[in-house]
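What you see below is based on every heavy atom in this structure, not just the backbone, and it leaves out hydrogens, waters and symmetry mates. Not measured: the values here are computed from a predicted model. Counting from 1, the numbers follow the sequence of the chain as shown.
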Amino acid sequence: MYELNYDLDYVNSKNNTINSNWLRQIGKAFYSFSDFKTGVDFLAEDKRETKSGKDSLLVTSLKYSEIAPSIEMIGTSGFDGRVSYSFREESFPLKGSMIKQSNAVAQNFRLNYKGLKEFSTSLSVTFRNKKYTEDFRRQGFSDNETVLLLSQSRLNLWSGSVQGDIYYQAATEQSAKFEKVFLRVPKGTGNYIYLSDLNNNGIPEENEFQITSYEGDFILVTIPTDKLFPVMDLKANTRLRIDFSRMITDNSFFANVIKPIATETSWRVEENSKEPDTKKIYLLNLSHFLNDSTTIRGTQLFQHDINLFQNNNELSFRLRYIQRKSLNQFSGGIERGYFRERGLRIRFKMIEEINNQTEFINQTDDLISPPTSNRARTVTRNDLTSDFSYRPVRDIEVGFKIATGRSQDDFPKSPTIVDQNSITLRVNLSFENIGRFRIEAERTEVTSSSSNFNIPYEITRGNAIGKNYFWRVFFDYRLSGFIQTSLSYDARLQGSSRVIQTMRAEARAYF
């Protein structure tokens, strides 16, 4: 059996400022025999954009072509595989003219196994060699070789009582240290505010910006610096879930003790490193991860949950442990973080109409940052929350939540201690298949005995010292199958500031 497909797309457009000619070609041909399939893929694009009345190409122009022959093995004893070889040529504008930029040669090897319903896996290895022309080498581009390894596996045993996933990706590439840059945005859409030029040097620096929840007019972005390093980039994660209620079927005393237990464990590692001995990164030698001298950026996250009676609506428990380590090299210095959370959550039904969820969380949040940053902290936080839900009928819910907590930052010479308590009332009305209405009122009080007025955002979580009041209303309603309307209202009074109100209304029509 054979097949041939070829698509051609040409677009010519003109307006008062830009003329554009855009040609795209996509071709595919293959021939199947026995358990094999051979084929070739072709991809090409030529996009040329100029300003009206001028011949110089704009930087949005491009041109490339790629051809990739391949051979594939189909479904033999649960295995299938593919080998392909591709050649790609790219051109980009340089001084207004389309100039050849690079040639790239890639080899890809892929193998999959799906012979068992309990286990499946896939492995893909790609070798890519890209060489730039002399014109672009003078612009700062350099030849590079890339090796990409990707593996995914899935485990499903005993009718789903044991489920697991393993993901592994490693690649060699060019990377750079990152620089933090604050960009101005419309007020209320950002995450930071600019305090002032605190050191009178005329240069906005990181410690002169403060994170905020509502009035921000700056956002933080990270951009790569000019200097590139050959690095290893690795991403790996694994997840294992065990549900003993599905695994154990007898009714012995031991079985009845174990059945209510279900656990889920996940572990994720991300590492971008200049380590010269790459096998230490490939083989997950963690003693060489998060290293001050070789790591560009890295994260290690571990999470373990233990659930008791998780499918029981009358009473259930969850124990959770989270630990995260991170390291980032910025142009201004190294930022190293450690976060740990331990928590207990209890859900129970008091009577048929009233449910409660109570949760206790203990957190440790440490960050070591450069002197130019104001983000350094050593925070310990304890929170207790209890949420009551009353549902007299299916379409009406009334909620009442109380919370209390204490945070302590031991980074300053004189530790900062902040106490917080809050009460929240809410009412939810549902209109079946038509809309919903939600109204919520919250009072949060934050107290501190510290004389430090620059308390980190991670401690107050955007609240002002003193009493904070919030009102929220949300309503959406479907007038017909083609018209949807929504209305939202937010108001807040934080500390001694004035009341700030925001209202938004929207109507959407679908045709």
Side-chain angles (χ1 to χ4, degrees), residues 5-28 41-68 86-104 130-144 173-176 178-194 202-204 209 215-228 331 482-486 502 504-511:
N5 293 312
Y6 182 79
D7 294 329
L8 187 146
D9 185 10
Y10 177 72
V11 178
N12 178 271
S13 62
K14 295 181 180 181
N15 56 38
N16 293 332
T17 57
I18 295 178
N19 296 334
S20 175
N21 288 285
W22 193 352
L23 175 65
R24 296 187 65 189
Q25 303 175 70
I26 300 175
K28 178 180 291 187
D41 293 330
F42 173 73
L43 181 65
E45 185 170 345
D46 189 353
K47 181 182 178 183
R48 298 174 185 262
E49 293 187 335
T50 61
K51 289 186 176 181
S52 297
K54 296 185 178 180
D55 295 329
S56 294
L57 295 174
L58 299 176
V59 294
T60 52
S61 303
L62 57 88
K63 181 182 179 181
Y64 66 83
S65 61
E66 179 177 336
I67 185 168
S86 68
F87 177 82
R88 183 182 179 97
E89 181 180 293
E90 296 181 345
S91 301
F92 289 92
L94 191 63
K95 297 181 181 179
S97 300
M98 189 69 75
I99 303 296
K100 179 180 175 181
Q101 184 205 57
S102 61
N103 288 323
K130 188 172 185 178
K131 294 185 177 182
Y132 289 89
T133 61
E134 190 62 34
D135 290 328
F136 281 86
R137 287 197 185 101
R138 288 194 289 266
Q139 302 298 315
F141 294 87
S142 58
D143 298 348
N144 60 78
E173 58 182 31
Q174 297 278 325
S175 186
F178 283 80
E179 178 182 3
K180 294 182 178 180
V181 177
F182 291 87
L183 300 179
R184 185 182 290 274
V185 295
K187 190 170 183 178
T189 62
N191 309 109
Y192 290 82
I193 57 173
Y194 181 56
I203 301 174
F209 291 87
E215 299 299 318
D217 53 355
F218 285 87
I219 59 172
L220 173 63
V221 297
T222 54
I223 60 175
T225 55
D226 294 335
K227 190 175 181 180
L228 295 174
S331 57
F482 306 101
I483 301 178
Q484 179 80 34
T485 61
S486 64
T502 305
R504 295 184 179 91
E506 183 181 79
R508 292 186 178 184
Y510 302 91
F511 302 97

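The ring pair (Phe, Tyr, Trp, His ring centres under 6.0 Å) test applied to Tyr64 returns no partner, not counting sequence neighbours. Residues forming a side chain to side chain donor-acceptor pair (under 3.5 Å) with Arg88 (at least two apart in sequence, or on another chain): Glu66, Glu90. Taking Asn21 as the reference, Tyr10, Asn12 meet the side chain to side chain donor-acceptor pair (under 3.5 Å) condition, with sequence neighbours excluded. Every residue meeting the side chain to side chain donor-acceptor pair (under 3.5 Å) condition with Lys100, not counting sequence neighbours, appears here in chain and number order: Asn103. Under the side chain to side chain donor-acceptor pair (under 3.5 Å) criterion, Ser13 pairs with no residue at all, not counting sequence neighbours.
Across Phe92 and Phe136, no two heavy atoms sit closer than the pair O-CZ, 3.8 Å. In this structure, Pro93 and Leu58 approach most closely via the heavy-atom pair CG-O, 3.2 Å. Taking all atoms of both residues into account, the shortest heavy-atom contact from Met98 to Leu57 is N-CD1, 3.5 Å.
Distance alone, capped at 3.5 Å, places no donor-acceptor pair between the Ser97 side chain and the Leu94 backbone. With Ser61 contributing its side chain and Glu49 its backbone, the two residues share a donor-acceptor pair below 3.5 Å.
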Query raised in the report: After noting the C-alpha distance and the side-chain angles of Trp22 and Glu45, does the key distance pass the side chain to side chain contact (heavy atoms under 4.5 Å, CB included) rule?
Result: CA-CA 8 Å; Trp22 193 352; Glu45 185 170 345; 2.8 Å; yes
Report task. Check the pair Gln139 / Tyr132 against side chain to side chain contact (heavy atoms under 4.5 Å, CB included), numbers first and verdict last. Result -> CA-CA 10 Å; Gln139 302 298 315; Tyr132 289 89; over 6 Å; no
Report task. Begin with the C-alpha distance, continue with both residues' side-chain angles, and end with the deciding distance and a verdict on side chain to side chain contact (heavy atoms under 4.5 Å, CB included) for Asp9 and Asp7. Result -> CA-CA 7 Å; Asp9 185 10; Asp7 294 329; over 6 Å; no
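For the pair Gln25 and Tyr6, the minimum side-chain heavy-atom distance is below 4.5 Å. Side-chain atoms of Leu183 and Phe218, non-hydrogen and from C-beta on, never get closer than 4.5 Å to each other. Side chains of Gln101 and Ser91 form no contact here, defined as non-hydrogen atoms less than 4.5 Å apart.
The environment of NZ in Lys47 is crowded: more than 12 heavy-atom neighbours from other residues, nucleotides or ligands sit within 6.0 Å.
Distance check, rounded to the nearest 0.5 Å: NZ of Lys63 to CG of Leu23 gives 10.0 Å. The structure places OG of Ser20 at 11.0 Å from NZ of Lys14, a figure rounded to the nearest 0.5 Å. Interatomic distance, CZ of Arg508 versus CD1 of Ile483, reported as 13.5 Å (0.5 Å rounding). The line from OG1 of Thr133 to CD1 of Ile99 is 8.0 Å long, rounded to the nearest 0.5 Å. Distance CZ/Phe42 to CD1/Ile67: 7.0 Å, rounded to 0.5 Å.
For residues 132-142, every residue pair satisfying the salt bridge (charged side-chain N to carboxylate O under 4.0 Å, His left out) rule, not counting sequence neighbours, is listed here: Glu134-Arg137, Asp135-Arg138, Arg137-Asp143.
Under the 4.0 Å criterion applied to side-chain N and carboxylate O atoms, Glu506 and Arg504 are not assigned as salt-bridge partners.
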